[in-house]
K.L.:
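What follows is a single structure, and I will ask about it in a moment.
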Amino acid sequence: MLRDPWAEIEDDLRDIRRKAEEKLAVEHLDIPLETPPEGLGDICFPAFQYSQALEASPEDCAERIVSAMDTGEYFSKHEAARGYVNSFIDWGKLTPQVVESILSLGPEFGGLEPKDERILLEHTSVNPTGPIHIGRSRNSIIGDTLARVLRRAGYDVTTEFLVNDTGRQMVVLTWATQNISEDELPKARRDKDDHLIVRYYQKAYEILESDTTLEKTIEDLVLRLDRGEEKIARDVKAVAEKVMEGMVSTLKEIGVTLDSYFWESSTILDGSVHEVIESLKRSENAHSDAGAYYLDLESSGIHGWDARFFFTRKDGTSLYTTRDIAYHLGKFKRCDIAINVLGEDQKLGMKQLTLALDMMGVEKRPETVFYAFVSLPTGKMSTRSGTTVLLDDLIDESRARAAEEVKKRRPELSPERIESIANIVGTGAVRYNILRVQPEKKIVFKWEEALNFDGNTAPFIQYSHARACSILRKAPDRTGKDYGLLAHPAEIRLVNTLSRFPAVIRNCAGSLRVHSLASYAYDLSSDFNQFYRDCGVIRAEPELRDARGALVECTKIVLVSSLDTMGIQAPEEM
RNA sequence: GGACGCGUGGCCUAGUCUGGAUAUGGCACCAGCCUCCUAAGCUGGCUGUCGGGGGUUCAAAUCCCCCCGCGUCCGCCA
């Protein structure tokens with residue numbers, strides 16, 4: 001059983017290389033393994049670095065190493081070319097092992113050995129002031145996918161949403177719902193609490209621009225809330241809960257669910273933020289300016305207009321990052337590894353949090369995945385001014401587009417079936433479109449790109465899956481007797497890619513970067529589509545047909561697993 | 001002024017950590033492929049000073065330095 005075929009292959013090659021090094025009496029060099037260009041082999045490494053030890057040209061080095069290498073467990077031969085050592089896998093031997101492993105492990109293929117560590121993964125944590133826009137959804141999609149990757153990698157993962165129910169923004173919103181009447185507001189685009197309530201928020205900020213007395217009212221309310229006045233805290237929480245309900249239902253549409261919600265106000269109510277403040281005040285870097293306390297971070301390498309990190313207001317109440325420190329101390333007690341998914345605007349805040357932990361003598365640190373903002377061709381998105389593309393709208397448009405495509409291709413399907421497929425395809429496209437880009441790249445959202453279902457998209461991958469299902473419905477046998485028959489270049493290429501899936505999960509989990517999972521799923525689909533063209537299944541001779549049927553089954557299994565790990569469903573037909 | 005990130009064909013993007021073979025794919029565009037398992041597919045073509053300049057190296061998209069452009073932050077907001 002090969003749980004992680006590619007790891008076995010790499011270990012084998014490293015082993016063979018080490019023996020060759022010993023034979024040639026050269027010092028061991030851990031040269032990274034690479035993939036050679038098409039046709040030159042399956043796995044390779046450059047031999048340039050041996051030229052000093054062997055006193056030879058790179059070409060000669062490669063020759064001499066190759067001649068000292070044996071075939072090991074999984075290789076048929078090694079070749080020297082232009083200073084590289086190119087190794088060829090013995091597919092006749094490996095293919096049956098890979099196919100049998102995937103068939104017997106099924107959805108477990110790509111799952112790594114269970115780990116002891118508990119992970120607390122914070123993501124989304126968007127302020128409950130209105131509906132989620134596509135920029136914020138990047139957080140949820142990356143976070144939810146990362147949780148799925150880490151679970152598959154064997155960790156015990158709990159996801160958590162930090163709900164902001166304190167501070168000025170929420171006070172403004174709460175005041176607005178109590179003091180602005182419905183008829184002053186534009187009609188809501190949807191009958192959904194987050195859409196209904198955001199209008200009050202936007203109206204309040206409009207009023208605040210000219211009304212200075214309201215400013216005073218708000219300041220007073222913020223103060224009272226921060227001191228823990230119960231009535232206000234209850235009102236804020238009630239509004240937050242309503243908006244949260246709307247946001248949570250939107251997230252559920254794209255397959256994002258969270259295990260836990262942590263209300264920020266609880267750090268004030270349970271006294272934990274007070275303890276943080278007292279502890280920070282004892283630091284030698286703590287100073288006071290007119291009663292407000294701050295840490296001087298100039299000596300810690302923070303420079304700029306102001307290197308002071310204020311952790312209390314002049315009235316002694318806490319500030320956001322102070323509460324976040326309290327929250328993190330609590331998290332550390334509940335897990336072994338704390339991971340955050342945050343917008344890149346939070347970088348300084350996390351740096352300040354880290355330095356504050358230093359000064360408090362706390363050893364643990366959160367690991368953070370930062371992502372860049374999504375903007376529109378017209379500029380930034382802003383909930384306050386309403387210049388956003390809402391996730392609800394994107395989901396609707398994407399589903400509608402998908403329904404149109406299904407109707408065009410499969411007019412015989414029932415309306416219910418069409419709707420069901422369009423739902424899966426539309427929401428899958430939304431997730432994949434965000435997921436495929438590495439997180440630090442800013443995204444300029446364009447409708448025509450978001451609604452494109454060709455090429456490197458979720459529908460492409462889902463379509464490959466539907467094709468595989470279609471073959472399997474018609475192929476009588478999904479297990480063959482002789483997988484050695486799978487020797488066509490397109491078959492070998494497909495087996496090669498299938499064998500790497502566990503390694504992809506391992507790499508994504510290790511780096512906390514999930515975009516390469518999207519590339520993998522695309523590559524697998526692409527390989528399958530070439531196999532589909534070149535290797536007929538149901539019309540092949542019985543033995544070959546059964547072996548190919550098994551390969552299709554393997555592809556289906558891994559496509560489903562990789563899509564599932566991205567939170568994308570796989571339709572049986574489309 | 002300071003900090004961090006990004007810059008790869010007309011547009012989008014992989015590779016950058018860990019330097020190595022003619023830089024990965026997609027969209028768009030052009031030309032082909034459905035009497036044959038779903039053409040949301042496949043094949044071929046067209047597009048490249050890897051932002052610019054210097055340096056290190058046998059070898060730089062990748063490492064170092066300087067510069068330019070874009071994004072984000074530098075609040076007793078969250």
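Atom set for the values below is all heavy atoms of this structure, side chains included, hydrogens, waters and symmetry mates excluded. Per chain, numbering begins at 1; letters A, B, ... match sequence-line order.
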K.L.:
Can you see if the side chain of A:Gln346 gets near the phosphate of B:C4 - specifically, an N or O under 4.0 Å from OP1 or OP2?
P.N.:
no

K.L.:
Given the structure, check if the side chain of A:Trp305 and the base of B:G2 hold any donor-acceptor pair shorter than 3.5 Å.
P.N.:
no

K.L.:
Toss me the dot-bracket line for RNA chain B: Watson-Crick and G-U wobble, both under 3.5 Å, 5' to 3', using | for pairs to another strand and [ ] for crossers.
P.N.:
(((((((..(((.......[....))).(((((.......))))).....(((((..]....))))))))))))....

K.L.:
Is the distance from OP1 or OP2 of B:G26 to the nearest side-chain N or O of A:Arg436 less than 4.0 Å?
P.N.:
no

K.L.:
If the cut-off is 4.0 Å, is A:Arg533 near the phosphate of B:U43, judged by side-chain N/O to OP1 or OP2?
P.N.:
yes

K.L.:
For B:A39, take OP1 and OP2 only and decide whether either is under 4.0 Å from a side-chain N or O of A:Tyr532.
P.N.:
yes

K.L.:
What I want to check is whether an N or O donor and acceptor connect the side chain of A:Asn86 with the base of B:A21 at under 3.5 Å.
P.N.:
yes

K.L.:
Compare side-chain N and O positions of A:Gln438 against OP1 and OP2 of B:U16 and report whether any pair is under 4.0 Å apart.
P.N.:
no

K.L.:
Is A:Phe48 stacked on the base of B:A59, meaning ring centres closer than 5.5 Å and planes within 30 degrees of each other?
P.N.:
no

K.L.:
Quick one: is B:G41 close enough that its OP1 or OP2 comes under 4.0 Å of any side-chain N or O from A:Arg467?
P.N.:
no

K.L.:
Would you please confirm or rule out a distance under 4.0 Å between OP1 or OP2 of B:A14 and any side-chain N or O of A:Lys441?
P.N.:
yes

K.L.:
Side-chain N or O of A:Arg313 less than 4.0 angstrom from OP1 or OP2 on B:C77?
P.N.:
yes

K.L.:
Using only heavy-atom distances, decide whether a donor-acceptor pair under 3.5 angstrom links the side-chain of A:Lys442 to the base of B:C70.
P.N.:
yes

